[in-house]
There are 2 protein chains.
Amino acid sequence: MEPEQSAAILKQLKLKVTPRRQEIMNCLGREQSYLSADEVWERIKPRLGSIGLPTVYRILDELAEAGVITRIFLSDRKQNYFLCANQEGHHHHFVCESCRRVEDVEQCGLEGVSRDIARRSGGRVTSHILQINGICGSCCQGHAGAAP
Amino acid sequence: MEPEQSAAILKQLKLKVTPRRQEIMNCLGREQSYLSADEVWERIKPRLGSIGLPTVYRILDELAEAGVITRIFLSDRKQNYFLCANQEGHHHHFVCESCRRVEDVEQCGLEGVSRDIARRSGGRVTSHILQINGICGSCCQGHAGAAP
DNA sequence: CATATAAATGAAAGTTATTTTTATTTATAG
DNA sequence: CTATAAATAAAAATAACTTTCATTTATATG
């Protein structure tokens, strides 16, 4: 992720463009997989001299609330975050349980569900969580049958 | 949930049929909304005389892993659990952000996604998380516009 | 450019959900 | 009934995450 892009995203969110925020976005943007708050911290510390862990938590939470980064749900309770190169258009993610790589899943098909809920019960849909888990192509080939 | 049903479910999972496990399933089965481990603990303590909190955590985790109960994802990091009366057929849940009630969502439409991933990248889908959040019908009517 | 101000961050301490460990108890197969 | 493997209690530990408040910094405005 280019510095200009992260700056633009932050400005759009009415957040100040600070080195910490940009560095966190750059760090996640370099990865094709998700990272925990702790992992982000370890990676950006040398680049910034120093940064407090609460700052990392705060920024990750802000960006996730704003929808810039995606929370990845795993069986351990830790929160993990992924910054998708594709910042446009509603889509979801396929998460490889073996190598942690995240791929886009274009198909969503939840517009129909929202309509159904509204029609059936008079309710209103505000958000949804969709995450596909599995073994990615290269992991399937690399060690066929090694899936958990 | 009837005692016979919980016993049958536990036997099918090769888990011992213990009073603690049954009481936890009964407790969740009585609710139309999700509960945290702590809430389950408070509710079953008087019925069992005493039970340790780690036991509650262990049993909830077992049942969730087995797919008998569903983890509900909220913005606070706490784990919450829901036991669906409908134990047959693949489906998902609509969670009311206002009253915590959980309703079934029959439509899923993820079979196509699995096929797509397999075709496009050679990957394999093992599971998926889908949760619809919103305001349920009665909350919408009860206090129209009171949604967060 | 200078500066006022609201937002952002650091540092340290605190909170709490969740887990681990080990000894004891209990469900169940035979 | 009895053996045994699984389940539970109790207490302590862990670690993810938050809070607080003093200090610093980005940025709007003159």
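Note on naming: letters A, B, ... go to the chains in the order of the sequence lines (proteins, then strands), and numbering restarts at 1 for each one.
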The side-chain contact (heavy atoms from CB on, under 4.5 Å) partner of R71(A) among D61(A), I129(A), N80(A) is D61(A)
Could you state the [atom1]-[atom2] distance from [X] to [N], rounded to the nearest angstrom?
{"X": "R71(A)", "N": "dA16(D)", "atom1": "CZ", "atom2": "C1'", "value": "14 Å"}
{"X": "K45(B)", "N": "dA10(D)", "atom1": "NZ", "atom2": "P", "value": "12 Å"}
{"X": "E39(A)", "N": "dC17(D)", "atom1": "CD", "atom2": "P", "value": "12 Å"}
{"X": "W41(B)", "N": "dA10(D)", "atom1": "CH2", "atom2": "C1'", "value": "11 Å"}
{"X": "N80(A)", "N": "dA16(D)", "atom1": "CG", "atom2": "P", "value": "11 Å"}
{"X": "L10(A)", "N": "dA7(C)", "atom1": "CG", "atom2": "P", "value": "16 Å"}

Do V102(B) and M1(B) sit in one hydrophobic cluster, given that two such residues count as connected whenever their side-chain heavy atoms are within less than 4.5 Å of each other, even indirectly? no
Do Q79(A) and S36(A) come within less than 4.5 Å of each other through their side chains, counting heavy atoms only?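 Counting from C-beta outward, Q79(A) and S36(A) never come under 4.5 Å.
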Mind checking whether E97(A) and T126(B) have side chains closer than 4.5 Å, heavy atoms only?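 A side-chain contact exists here, since the closest heavy-atom pair is under 4.5 Å.
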Would C84(B) and H93(B) satisfy side chain to side chain contact (heavy atoms under 4.5 Å, CB included), going step by step from the backbone distance to the final call? CA-CA 9 Å; C84(B) 189; H93(B) 297 108; 3.5 Å; yes
Can you pull every protein N or O that's under 3.5 Å from an N or O on nucleotides 15-19 of chain C?
from    : atom 1 : to     : atom 2 : distance (Å)
dT18(C) : OP1    : Q79(B) : N      : 3.2
dT18(C) : OP2    : Y57(B) : OH     : 2.9
dT19(C) : OP1    : R77(A) : NE     : 3.3

Parallel under 30°, tilted from 30 to 60°, perpendicular over 60°: which one fits the rings of H128(B) and H90(B)? perpendicular
Mind running side chain to side chain contact (heavy atoms under 4.5 Å, CB included) on L53(B) and T55(B) for me, showing each step along the way? CA-CA 5 Å; L53(B) 190 50; T55(B) 301; over 6 Å; no
Any chance you could lay out the side chain to side chain contact (heavy atoms under 4.5 Å, CB included) test for R100(B) and L35(B), step after step, and finish with the verdict? CA-CA 9 Å; R100(B) 296 173 43 146; L35(B) 295 175; 4.2 Å; yes
Base-contact (B) and sugar-phosphate-only (S) positions in nucleotides 2-8 of chain D, heavy-atom cut-off under 4.0 Å, - elsewhere: ---BBSB
